[in-house]
Protein chains: 2
Amino acid sequence: MGITRTELFTSKQNEFAQIAKVFGHPARLAILEVLLKSNTCICGDLVEELGLAQSTISQHLKELKTANIIKGNIEGTSVCYCINEEKWFELKANFNELFDRYPNPKDCC
Amino acid sequence: MGITRTELFTSKQNEFAQIAKVFGHPARLAILEVLLKSNTCICGDLVEELGLAQSTISQHLKELKTANIIKGNIEGTSVCYCINEEKWFELKANFNELFDRYPNPKDCC
DNA sequence: ATTATTAATCGTAATATTGCAATATATAGA
DNA sequence: TCTATATATTGCAATATTACGATTAATAAT
């Protein structure tokens, strides 16, 4: 059905999945990497860096913004994007919290 | 088009996105959490824990297995699942590598 | 051998995602 | 005001994902 039965899961699970999904596209990773590499905000430039159409990139940026992973500041006729520092470290903590739940020592297999 | 233009991105980006996508569904997170919580392999049980149909869970397990995040050992008529320890820590490292790329100090916004 | 149990696979329907062209919007500069 | 530039939005078309019932396959128990 293409529809996720979110009612079966905790809101924490649904929210985590939502975020992971945003990381689940190479174009969005590429955008994030450009933002990480440059020490400052990126105004424009993104369309030339990646090989996708402007509208497609705008859409991916929108998803990153909606997930609160990046911020966009209007700068004259263009928009400057950068990573939302607070959210970024929150996500790092969230992922580590998951990864660190690995039982140690474990008793199987 | 629903098709990702993987040719535009590095294999590292594509592979990372592929993994993130696996984490991008609450049912798969729920499965992983069950496996993390119990200190041993889980044989069956998963279908009762989550509220999804058996075939649906089997499909999600397949994706987790394909991504090499979990392993399945046949145990008589049932199958025991557990997290692939090596891969798990590799993923933790991969995600942290990404998160740690945040420029510090940064000079913008 | 027959039956019960468990998990995988198949087929299919519904919905989501990706991508792009075309269009709209908004600001800067002449 | 008119034009150029930059980004967002809209409207598709193609493909992917999610979910489930039905079926299959494989082993265990009787």
Side-chain angles (χ1 to χ4, degrees), chain A residues 1-9 13-14 16-32 34-35 41-67 70-82, chain B residues 1-9 13-14 16-32 34-35 41-67 70-82:
Chain A
M1 300 160 181
I3 190 167
T4 296
R5 295 188 55 186
T6 53
E7 80 278 8
L8 294 177
F9 310 104
Q13 287 168 335
N14 285 317
F16 196 107
Q18 206 65 39
I19 285 286
K21 208 187 276 186
V22 177
F23 283 94
H25 194 290
R28 292 190 286 267
L29 290 175
I31 288 170
L32 290 174
V34 171
L35 296 182
C41 292
I42 293 296
C43 305
D45 297 16
L46 283 167
V47 178
E48 291 122 63
E49 294 271 352
L50 325 179
L52 292 167
Q54 180 266 323
S55 57
T56 305
I57 290 176
S58 189
Q59 228 172 246
H60 284 303
L61 286 168
K62 190 182 179 180
E63 287 181 70
L64 286 162
K65 268 187 290 183
T66 300
I70 67 172
K71 289 187 285 189
N73 301 75
I74 295 170
E75 189 97 356
T77 179
S78 67
V79 180
C80 285
Y81 292 102
C82 63
Chain B
M1 299 164 182
I3 191 170
T4 296
R5 294 190 55 187
T6 53
E7 78 278 8
L8 293 177
F9 310 104
Q13 287 167 335
N14 286 316
F16 195 107
Q18 204 67 38
I19 285 286
K21 207 186 278 185
V22 177
F23 283 94
H25 193 289
R28 292 191 286 268
L29 291 175
I31 289 171
L32 290 173
V34 171
L35 296 182
C41 294
I42 292 295
C43 305
D45 297 16
L46 285 166
V47 177
E48 292 123 64
E49 294 271 354
L50 327 179
L52 292 166
Q54 179 267 322
S55 58
T56 306
I57 291 177
S58 190
Q59 226 171 250
H60 284 304
L61 285 167
K62 189 181 180 183
E63 286 180 72
L64 286 163
K65 269 187 289 182
T66 301
I70 67 172
K71 290 188 285 190
N73 301 80
I74 295 169
E75 189 97 358
T77 179
S78 68
V79 180
C80 285
Y81 292 102
C82 64

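Throughout, protein chains are lettered first and strands after them, A, B, ... in sequence-line order, and every chain is numbered starting at 1.
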Rounded to the nearest angstrom, tell me the gap between atom [atom1] in [X] and atom [atom2] in [N].
| X | N | atom1 | atom2 | answer |
| --- | --- | --- | --- | --- |
| Asn73(A) | dA6(D) | CG | P | 18 Å |
| Leu46(A) | dA6(D) | CG | C1' | 12 Å |
| Glu49(B) | dA7(C) | CD | C1' | 17 Å |
| Ile3(A) | dA14(C) | CD1 | C1' | 8 Å |

I need the minimum non-hydrogen distance between Ala67(B) and Val22(B), along with the two atoms involved.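 Closest heavy-atom pair between Ala67(B) and Val22(B): CB-CG2, 3.9 Å.
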Mapping Thr6(A) and Ser78(A) onto DNA chain D by nearest heavy atom, which one lands closer to the 5' end?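 Counting from the 5' end, the first nearest nucleotide belongs to Ser78(A).
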Point to revise | DNA chain C-proximal residues of residues 16-30 of chain A, any heavy atom under 4.0 Å | key: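 Within residues 16-30 of chain A, the residues near DNA chain C are Lys21(A), His25(A), Arg28(A).
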For Phe16(A), ring pair (Phe, Tyr, Trp, His ring centres under 6.0 Å) partners two or more places apart: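 Testing Phe16(A) for ring pair (Phe, Tyr, Trp, His ring centres under 6.0 Å), a comparison that skips the adjacent residues, returns Phe95(A).
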key: dA8(D) phosphate, OP1 or OP2, under 4.0 Å from Tyr81(A) side-chain N/O   =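 Result: yes.
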Protein-proximity profile, nucleotides 23-30 of chain D, B/S/- by nucleotide at the 4.0 Å heavy-atom cutoff, equals ----BS--
Rounded to the nearest 0.5 Å, what separation is found between the [atom1] atom of [X] and the [atom2] atom of [Y]?
| X | Y | atom1 | atom2 | result |
| --- | --- | --- | --- | --- |
| Gln13(A) | His25(B) | CD | NE2 | 11.0 Å |
| Leu35(A) | Cys80(A) | CG | SG | 10.5 Å |
| Lys71(B) | Lys65(B) | NZ | NZ | 13.0 Å |

Candidates dA8(D), dA21(C), dA19(D) - which lies nearest the side chain of Arg5(A) =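 Nucleotide nearest to Arg5(A)'s side chain: dA19(D).
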_Could you work out, with side chain to side chain contact (heavy atoms under 4.5 Å, CB included) as the rule, every residue matching Thr6(A), not counting sequence neighbours?_
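Listed in chain order: Thr4(A), Asn14(A).
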Discussion item. Taking CD1 in Ile74(B) as the centre, count heavy atoms belonging to other residues, nucleotides or ligands within less than 6.0 Å. Is the count above 12?
Written reply: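 Not buried by this count: 12 neighbours or fewer within 6.0 Å.
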Name every residue in residues 55-65 of chain A that has at least one heavy atom under 4.0 Å from any atom of DNA chain D, in order of residue number, or write none if there are no such residues.
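Residues of residues 55-65 of chain A that come under 4.0 Å of DNA chain D are, in numerical order, Ser55(A), Ser58(A), Lys62(A), Lys65(A).
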Test item: Tyr81(B) and Val34(B) side chains (from C-beta on) under 4.5 Å apart, heavy atoms: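 Answer no - side chains too far apart.
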Query raised in the report: Does Glu48(A) have any salt bridge (charged side-chain N to carboxylate O under 4.0 Å, His left out) partners at least two apart in sequence or in another chain, and if so, which?
Result: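 None.
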Mind listing the side-chain donor-acceptor pairs of residues 50-64 of chain B below 3.5 Å, one per line with the distance, residues two or more places apart or on another chain?
unit_1   : atom_1 : unit_2   : atom_2 : d
His60(B) : ND1    : Arg28(B) : NH1    : 3.0
Glu63(B) : OE1    : Arg28(B) : NH1    : 3.4
Glu63(B) : OE2    : Arg28(B) : NH1    : 3.3

